[in-house]
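Take a look at the structure set out below.
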Amino acid sequence: MNSATASLAQRLSSSRRIVIVTHMNPDGDAMGSSLGLANHLSEAGHFATVIAPNEYPEFLAWLPGQELVKVFSIEKELCRKRMMDAEIIFCLDFNTLSRIGEAGEAVKASPAFKVLIDHHEQPETFAELLFHDVKACSTAQLVFDLIEGMGEKERISKNTGMCLYTGIMTDTASFRFPSTSAHTHAIAGYIKEIGVETWLAHEQVYDGNSYNRLRLTGYALSEKMKILKEVNCAYITLTKEELQRFGFRMGDTEGLVNYALSVRGMRLAAFFMEKENEVKISLRSKGNIDVNQLARKYFSGGGHRNAAGGNMKTTLAQAVELFEKVVQDPSQFQQ
Ligand code: 5GP
Ligand code: MN
C-alpha cells in the first residue's frame with residue numbers, strides 16, 4: 001500500500017460520517033464514481049452522503065444508491081450541515097472549487113479532512129490528500145484502483161461495480177477514447193466477472209432518449225451545425241428559445257458536440273448553449289489540439305486536453321464571434 005492509500009485507510013477506520021461531493025451538472029463519471037464509492041463505504045458501515053451541486057439527468061437516476069444523494073441547490077441547509085459534520089469529504093471528478101458553485105464555500109468552511117480523487121488537468125490545492133492522474137480514463141477507474149489499493153477489491157459489490165462501470169463507460173464513450181487502457185478493460189472484465197449486468201448500463205444511459213431529445217438532436221445537426229473548413233472545425237449553437245421549443249430537459253444536449261467532431265476531417269468541435277445569464281460551451285478535439293488551454297484562456301473553464309468546457313457571461317453571438325476569431329490561430333493552443 002502506498003503512503004497516501006495507507007493514510008486514507010487509517011482515517012477511514014476511525015471515521016463514520018463521510019460526504020462525497022461532485023461537480024456541477026453531474027455526468028456519468030461524476031455520479032458513477034461518487035455512488036460507487038458511497039455504496040462501498042455504506043456497505044462497510046459508514047454514513048455516506050453524496051452531494052450533487054445541482055440536479056442530475058434522468059438517464060443517471062437509476063444508479064444504485066440514489067437514496068444516498070442530496071442535491072445542494074434543493075436542500076442547501078441539510079447539505080451544509082452534512083459537510084460541517086463530516087469527518088472526511090471526498091471531492092470527486094473535479095479539481096477546482098469553482099466547479100461546484102455555492103457548495104464550494106461549504107467545502108472550504110468544513111473542518112473535515114479533504115480527499116481529492118480526479119483526472120482533470122492542473123488541480124487546485126484545497127485537499128489534504130490527492131489521488132490524481134490525468135492519464136486515468138475516468139474518476140471511476142481511480143476509485144476502483146483506490147479500493148483495490150486498500151486491499152478491498154474482493155469486497156466490491158454488484159452495486160458498486162455497476163456504478164463504477166457506468167462512470168468508466170460514459171467517460172470513455174463506451175471504451176472508445178484513447179484514454180481507454182488495457183487496465184480499463186481489465187477493470188471492466190473484473191466487474192463482469194463478479195456478475196454485474198453491464199449491458200443494463202448501456203441500455204439505461206444510451207437507449208432512454210425522449211422523443212423530444214431525438215428531435216432536438218436532429219434539428220441541431222441539420223439546421224444548426226456550422227463548419228469552418230479552413231481550420232477543420234465544426235460547431236453547433238442552440239438558443240434558449242430553440243431549447244424550449246423541444247421541451248429541453250437536463251442532459252438532452254449531452255454528447256451533441258461529439259457529432260460535430262465526428263464530421264470527417266474535423267479536429268476541433270464546439271457546442272454553445274444559451275442559458276439564463278450565460279453561455280455554456282463544450283469543446284472537443286483530436287490529437288494535439290488542447291481544448292483545456294482554449295477553455296482556460298478564453299472561456300473561464302478547463303477540463304482535459306481533448307474534452308473541456310467553460311462559459312461566458314455574454315450573448316450567444318458574442319461567444320461565437322470570439323470562438324470564430326480565436327480558432328483562426330490554432331497554434332496558440334496546440335501542444
Ligand atoms: P462537457 O463539455 O461535457 O460539459 O465537459 C467536458 C469536460 O470539461 C468535463 O471533463 C468537464 O469536467 C470539463 N468542464 C466542463 N465545463 C467546465 C467548466 O466550466 N470549468 C471547468 N474547469 N471544467 C469544465
Ligand atoms: Mn470524469
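The chain is numbered in sequence order, starting from 1. Counting starts at 1 for both ligands and their atoms, in listed order.
In terms of modelled atom types and a separation under 3.5 Å, the side chain of D29 and the main chain of A140 share a donor-acceptor contact.
The closest protein non-hydrogen atom to atom 19 (O) of ligand 1 is G310 CA, 3.5 Å. In terms of protein heavy-atom proximity, atom 2 (O) of ligand 1 is closest to S282 OG, 2.6 Å. Of all protein heavy atoms, the one closest to atom 11 (C) of ligand 1 is R99 NH2, 3.4 Å. Annotation: atom 15 (C) of ligand 1 to nearest protein heavy atom, G309 CA, 3.4 Å. In this structure, the protein non-hydrogen atom closest to atom 24 (C) of ligand 1 is G302 O, 3.4 Å. Here the heavy atom of the protein found nearest to atom 3 (O) of ligand 1 is R284 NH2, 2.9 Å.
Residue D93 does not touch ligand 1, judged by heavy-atom distances below 4.0 Å.
Ligand 1 has no N or O atom lying under 3.5 Å from any N or O atom of D27, backbone or side chain. At a 3.5 angstrom cut-off on N or O pairs, H120 counts as close to ligand 1. Residue L283 has no nitrogen or oxygen atom sitting less than 3.5 Å from a nitrogen or oxygen atom of ligand 1, judged on distance alone.
Panel detail: the Mn ion (ligand 2) has protein N, O or S atoms under 2.8 Å away, 4 in number.
Not less than 6.0 angstrom separates the ring centroid of F144 from the ring centroid of H40. Annotation: F175 is in aromatic contact with Y165 [ring centroid separation under 6.0 Å].
With hydrogens and angles left out, the side-chain atoms of H119 and H132 include no donor and acceptor closer than 3.5 Å. For E148 and Y190, the side-chain atoms include no donor-acceptor pair closer than 3.5 Å.
Applying the 6.0 Å contact sphere to CD of Q10 captures no more than 12 heavy atoms from other residues, nucleotides or ligands. Atom CZ of R296 sits in a crowded spot, with more than 12 heavy atoms from other residues, nucleotides or ligands closer than 6.0 Å.
A220 and L238 make their closest contact through CB-CD2, 4.2 Å (heavy atoms, listed as atom of the first residue, atom of the second, distance).
Heavy-atom distances between K280 and ligand 1 reach below 4.0 Å in at least one pair.
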